[in-house]
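Written out below as structure tokens is the structure these notes cover.
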There are 2 protein chains.
Amino acid sequence: MADAGIHEDFSVTGSTKERILHTAARLFSERGFDNVSLRDITTIADVNIAAVNYHFGSKIGLVAYVFDHYAAPVNAARLKLLDECDQKCGDAPPAVEDILWALLSPVFHAPDNGDEGRHFRQMLGRMSSNSNPDVRSILFNTFDIVSARFVDTMSRACPGLPKEELFWRPTCVYGAMMYAQADNGRIRTLSGNSFDSTNMDDALKYMIPFLTAGFTLPPGGKLSAG
Amino acid sequence: MADAGIHEDFSVTGSTKERILHTAARLFSERGFDNVSLRDITTIADVNIAAVNYHFGSKIGLVAYVFDHYAAPVNAARLKLLDECDQKCGDAPPAVEDILWALLSPVFHAPDNGDEGRHFRQMLGRMSSNSNPDVRSILFNTFDIVSARFVDTMSRACPGLPKEELFWRPTCVYGAMMYAQADNGRIRTLSGNSFDSTNMDDALKYMIPFLTAGFTLPPGGKLSAG
DNA sequence: AAGGAAGTGAAACGTCTATTTAAAACACGT
DNA sequence: ACGTGTTTTAAATAGACGTTTCACTTCCTT
């Protein structure tokens, strides 16, 4: 019913509910939560605005559904990999690098996901610092279990690490992860944009050694070799 | 003129322009840009709503002013410290740890700033992933010079580092910095909240060794000592 | 003291927002 | 073909938003 001239080149196929879901994921990934209106979504999805409240209850219900839809398989993969970290090492401490891989690879190394994976990553990065209480509780509920599991496994990988370190080191990890996901282009222009900074295999290849080096530092500490 | 009953316990003293400035900084730091209305600000600041457009032109003019007001001394301090990095080492490469200190300490290590420093940090963390084009250009204009200088100095500290590394490593640094600044409480509850995670001396104490370890890694690389 | 700029005040502007209503269209088992 | 539950539609609702207008007061200069 809407003017065909303003249709985007992204797919707006499938059922009404699916079109809303995919369009919402794309717009949330580009503009965050507050800068996307239901009218934006329903216009591009070529759907009546009342359909959102019919299928998802409210705008916050929509974003909760979108989050769960994309986060569920990611979290499942993370927990599976964290399980393997524990099994692989027996009674010995698990490997820091494996734990970081378990946390990062399910989000970054998903070339098979195509646009969907990228939309979820950017949406996450965009909303990770949103202050809306409803958005915050969705984020907490979605990632609390795997975050707690990550810190727990990491504390066993680094026995004797004081709790201050177990706060600031994961803070560095989560910050780096979120910032890389949002891909807001701040750093790209400063470091020469002649290469593909959207290659998420590179994100893993370069970030995991970086974060591993920080996390394997002795408590409080300086590196032995300068 | 507004009802005295809803006054906050923060200071709402000074001129009209100052009251708007300080109240805006506080609210932006707590709720970001989109979730703060001019009516929120002017109600708490006990000021007529028209005063914002009179003194600052528009809402985006206000946030630009607030940013510049707080960022200018921080950026000056950063550039001064980066200059000292270069001078100290002569022709030899500057030290990675010193460069990170130059970037981080002016924001984190400012106990003398009190509430103002904290408001600026959180505001920065909250808005670093905002997608509003006007907000983005304010961020770019405010921090581009010092960011470019940071990457440049770091590239001389790490000669031979490929440009992919000069993208992903600063991404980790900026991400960790922004996430720590926003202080959204995600990690705190997971690592035992029995200590003071708002101590910004700790932020420097623990984050700089972490990030230094990552940045001093050989290109592409594994650490020599496991 | 007079004049003029600077600042403040109450009220309204038009636009956008999420949400709701109720009627119409559809799908489908009987 | 009929009736029933589900989905889609157009229209309207109430409220929040940034911004503007203009009359009023305050303050400083001459």
Side-chain angles (χ1 to χ4, degrees), chain A residues 1-4 6-7 12-25 27-28 30-67 127 130-138, chain B residues 1-4 6-7 12-25 27-28 30-67 127 130-138:
Chain A
M1 194 62 74
D3 183 9
I6 59 171
H7 277 178
V12 280
T13 59
S15 69
T16 296
K17 192 172 182 179
E18 286 169 342
R19 291 207 302 280
I20 295 172
L21 172 65
H22 294 137
T23 306
L27 293 186
F28 286 149
E30 292 170 355
R31 296 189 238 157
F33 179 71
D34 301 302
N35 286 310
V36 173
S37 71
L38 293 185
R39 281 177 174 78
D40 294 336
I41 297 170
T42 53
T43 299
I44 293 179
D46 196 19
V47 150
N48 189 278
I49 189 174
V52 173
N53 287 295
Y54 177 78
H55 286 286
F56 303 97
S58 64
K59 186 184 181 185
I60 202 71
L62 170 61
V63 72
Y65 187 95
V66 173
F67 251 97
M127 299 195 186
N130 192 296
S131 59
N132 183 310
D134 293 326
V135 174
R136 295 219 65 74
S137 85
I138 289 172
Chain B
M1 195 62 71
D3 184 8
I6 60 172
H7 279 179
V12 282
T13 59
S15 69
T16 297
K17 192 172 182 178
E18 287 171 340
R19 290 208 302 280
I20 295 172
L21 172 66
H22 294 139
T23 307
L27 293 187
F28 287 149
E30 291 171 354
R31 297 189 238 157
F33 179 72
D34 300 302
N35 286 312
V36 174
S37 71
L38 294 184
R39 284 175 174 80
D40 293 336
I41 296 171
T42 54
T43 299
I44 293 179
D46 196 19
V47 150
N48 190 277
I49 188 174
V52 174
N53 287 295
Y54 178 79
H55 286 286
F56 303 98
S58 64
K59 186 185 182 185
I60 202 72
L62 170 61
V63 73
Y65 187 95
V66 173
F67 251 96
M127 298 196 186
N130 191 298
S131 59
N132 182 311
D134 293 325
V135 175
R136 295 219 65 73
S137 86
I138 290 172

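All values below come from the heavy atoms of this structure, side chains included, with hydrogens, waters and symmetry mates left out. We name chains A, B, ... by the order of the sequence lines, and we start the count at 1 in each one.
Protein atom CG of Asn132(A) is 16 Å distant from nucleotide atom P of dT17(C), rounded to whole Å. Rounded to an integer number of Å, the gap from OH of Tyr54(A) to P of dA25(C) is 17 Å. Following rounding to the nearest Å, Asp34(B) (CG) and dG18(D) (C1') show an atom-to-atom distance of 13 Å. Asn53(A) has its CG atom 15 Å from the C1' atom of dA11(D), to the nearest Å. Atom CD1 in Ile41(A) sits roughly 11 Å away from atom P in dT19(C) (whole-Å rounding). In this structure, Phe56(B) atom CZ and dT20(D) atom C1' are separated by 18 Å, rounded to whole Å. Regarding Lys17(A), its NZ atom lies at a distance of 14 Å from the P atom of dT6(D), rounded to whole Å. Computed from coordinates, the Leu27(A) CG to dA18(C) P distance equals 12 Å when rounded to whole Å.
Close to dA16(D), at under 4.0 Å from its OP1 or OP2, lies no side-chain N or O of Ser37(B). A sub-4.0 Å separation between OP1 or OP2 of dG18(D) and a side-chain N or O of Ser58(B) is absent. The shortest distance between the side-chain N/O atoms of His55(A) and the OP1/OP2 oxygens of dT8(D) is below 4.0 Å.
In the set dT19(C), dT8(D), dT19(D), dT8(D) carries the atom at the smallest distance from any side-chain atom of Thr16(A). In this structure, the nucleotide among dA6(C), dA10(C), dG18(D) sitting nearest to the side chain of Arg39(B) is dG18(D). Considering only the side chain of Leu38(A), dA18(C) comes nearest among dG9(C), dA18(C), dG18(D). Among dT8(D), dA11(D), dT19(D), the nucleotide with an atom closest to any side-chain atom of Lys59(B) is dT19(D). Taking every side-chain heavy atom of Ala50(B) into account, dG9(C) is the closest of dT21(C), dG9(C), dG7(C).
On a pure distance criterion of 3.5 Å, a polar donor-acceptor pair joins the side chain of Asn48(B) and the base of dA10(C).
Residues meeting the salt bridge (charged side-chain N to carboxylate O under 4.0 Å, His left out) test with Arg31(A), sequence neighbours left out: Asp40(A).
Rounding to the nearest 0.5 angstrom, the gap separating the CG atom in Leu27(B) from the CD1 atom in Ile41(B) is 6.0 Å. Distance check: Asn48(A) CG to Thr16(A) OG1 gives 9.5 Å after rounding to the nearest 0.5 Å.
In terms of heavy atoms, Asp134(A) sits closest to Asn132(A) at N-OD1, 2.8 Å.
Ring-plane geometry between Phe28(B) and Phe33(B) is classed as tilted, the angle between the planes lying from 30 to 60 degrees on a 0 to 90 degree scale.
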